[in-house]
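Structure first, then comments.
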Amino acid sequence: MEKEKPKIVKKIMFVMRHAPHGTIYSYEGLETALIMAAYEQDLSMTFIGDGVFTLVKNQKTESLGTKGFVATYGVLEDYGIEKIYVDKQSMEDRGLKPDDFIIPVQVKETSEISALMEEQDATVPY
Amino acid sequence: MEKEKPKIVKKIMFVMRHAPHGTIYSYEGLETALIMAAYEQDLSMTFIGDGVFTLVKNQKTESLGTKGFVATYGVLEDYGIEKIYVDKQSMEDRGLKPDDFIIPVQVKETSEISALMEEQDATVPY
Amino acid sequence: MLHIVNKSPFTNNTLTECLRFVTQGTVILLIEDGVLAAKSGTVYSSKMTETLKKNEVYVIKADILARGVSPIIDGIKVTDYEGFVDLVEKNKVHSWV
Amino acid sequence: MLHIVNKSPFTNNTLTECLRFVTQGTVILLIEDGVLAAKSGTVYSSKMTETLKKNEVYVIKADILARGVSPIIDGIKVTDYEGFVDLVEKNKVHSWV
Amino acid sequence: MKIAVQVIEGPYNNQASDSAYHFITAALARGHKIVGVFFYHNGVINVCNMAKPPQDDRNIQKRWGELGRENGIDIVACIAASKRRGICADHVIEGARVSGLGQLTDMTIEADRLVTFG
Amino acid sequence: MKIAVQVIEGPYNNQASDSAYHFITAALARGHKIVGVFFYHNGVINVCNMAKPPQDDRNIQKRWGELGRENGIDIVACIAASKRRGICADHVIEGARVSGLGQLTDMTIEADRLVTFG
């Protein structure tokens, strides 16, 4: 899709803190990320708290009758969103490890995530 | 208001667990209680968790520009809802005591509230 | 009595609060994000294991599958919406929404 | 950096999670039900007192008044919406919604 | 057994609508009677007839209308909650209606169980 | 300074709309520019023009329209989120509009700060 490219490139981080399925935040948040990806900004996505459940493998929503949107997170990289961070403590508190996720992620310490947040021009929380 | 009185009298408990103002549950929940009061059922209202903040004295919403509905809880008794229970631990965890409330309440132990819940025909959670 | 909880125990204190009011014979049903409490090896799982010593805990299978919750804590019973209905038929209900 | 929190710390873990990411110089602004964390004498107040040793904490006066939160913990600063705007002007912002 | 259902969150935004729907269809399959479904708080959004979700997704609002029509279930959204939110006034899905909190009261009194989804 | 605002919860149900409104009026009083207000998730309910709240209460939706018209602020609700919820299609308050997530992107890029209320 051809877009008139703005000259400004900003650092924008999506901060995902909601579990998938119980509420729509991680689904509609993904929609935002995919649209924003067309604007050639410096995007990243960080999973904190229950947000880390979003990327868990083997989510099967057929028996709920809802759209299984989580696989779509797999296309983030194709859309140029390559910086995917997971908060280590959130992951460990929930009994998860990097292998449990559908895509490769960068597991970060609390202090590293704080530093990344401070670098951003804007954070978009969902 | 004349209502055709149903012959059934049920024990119905409103269970209020939300803080006031941040969300509408305690306000719209009160609306339900006042309507249901006209049906001459055996009603009670129990405040658990952040619900205990609902009855706190000296709530001044003028500078928020919102409706100060909390005083309306004061009419519950006039509407025949006389069983007002407050969970003791929720109250103490939040640094509150019976004097802090706008109306007289019955402070109950956890086990007493459990027993009261089990007596109900229905609980209405807000 | 049947207590229904639909919130994640990692984000919200609803399940913890509910468990305080549980007595002998109370049944707990976890639905929606509430089923995250059924995952083994989390900071919440010992609380669930403790609860299972005195109370039955059920989860909705569709919610477990949707979230890929695995493995689940030993002793938690997996049911479907018809099982949910049966629990409601057998017990008085409180929804901790 | 300014962290904005609008949830009650008694119901939701948002403030606790936010405080984990706070560093030297981070400012915390409590709004809406978040101001309940400013009440003294609660199970959460020692956590706030600890936070105040390293960080500035603000609350919105209108939210404090609406909820009758009193007394508030020593050291917490009370501000209004214009003060909120000034904090946003001085700091990058993250909203913990 | 007679069951009343209350839903207090909006469709799609929260899973409550889906859970309530699956619970009700299972209750009907088990031979129980659903005395009514009452929508309150943001739940009132469930009966708006203008939903156009993505084609590969369920249409929650339409599904409520069908459930009401096909099973003779009273599907009611609270009028005060609807007015406050400014929705659904002239756009209520066929098979549902907007009415007062007295309907919730009637359902609760008539039913053996009230189950709330939120 | 240029500020963008996002609101992700519905009016009345959550205080987010009120906080955002008070924040914006204070920002305008301080001489800042509001580059836009974007409504997402249940926040889209903020722009429906059929609200009839009790007479002694504020009319949040109407207030957003006035804020947009009187201050030339772009007030935008997400179209995908609106369609899913089935609301506001032909009933958008004067002074607001329904558009895509590109608007949120534009606002975020243009602004010095994005503040989200939810």
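The chains referred to below are lettered A, B, ... by the order of the sequence lines, with proteins before strands, and numbering in each begins at 1.
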D:Ile60 portion near chain F, given a 4.5 angstrom heavy-atom threshold: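 Neither the backbone nor the side chain of D:Ile60 comes within 4.5 Å of chain F.
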
Interchain contact, D:Asn91 with chain F, by part (heavy-atom threshold 4.5 Å): backbone

Separation of [Y] [atom2] from [X] [atom1] (nearest 0.5 Å):
{"X": "D:Glu89", "Y": "F:Ile3", "atom1": "CD", "atom2": "CD1", "answer": "7.5 Å"}
{"X": "D:His94", "Y": "F:Thr116", "atom1": "NE2", "atom2": "OG1", "answer": "8.5 Å"}
{"X": "D:Tyr81", "Y": "F:Ser19", "atom1": "OH", "atom2": "OG", "answer": "4.5 Å"}
{"X": "D:Lys90", "Y": "F:Arg113", "atom1": "NZ", "atom2": "CZ", "answer": "11.5 Å"}
{"X": "F:Asp112", "Y": "D:Lys92", "atom1": "CG", "atom2": "NZ", "answer": "11.0 Å"}

Close approach to chain D in residues 23-50 of chain F, criterion heavy atom under 4.5 Å: F:Phe23, F:Ala26, F:Ala27, F:Ala29, F:Arg30, F:His32

Between F:Gln15 and D:Asp33, a side-chain donor and acceptor under 3.5 Å: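 Side-chain D/A pair, F:Gln15 to D:Asp33: absent.
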
Heavy-atom side-chain contact between D:Val97 and F:Ile8 under 4.5 Å: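 Sidechains of F:Ile8 and D:Val97: in contact.
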
Side chain to side chain contact (heavy atoms under 4.5 Å, CB included), paired with F:Val115, selected from D:Leu2, D:Val85, D:Ile4: D:Ile4

Other residues, nucleotides, ligands: >12 heavy atoms within 6.0 Å of D:Asp74 CG: no

Between D:Asp86, D:Asp63, D:Ile31, D:Asp80, the one whose heavy-atom pairs under 4.5 Å with chain F are most numerous: D:Asp86

Members of residues 5-14 of chain D whose heavy atoms come closer than 4.5 Å to chain F: D:Asn6, D:Lys7

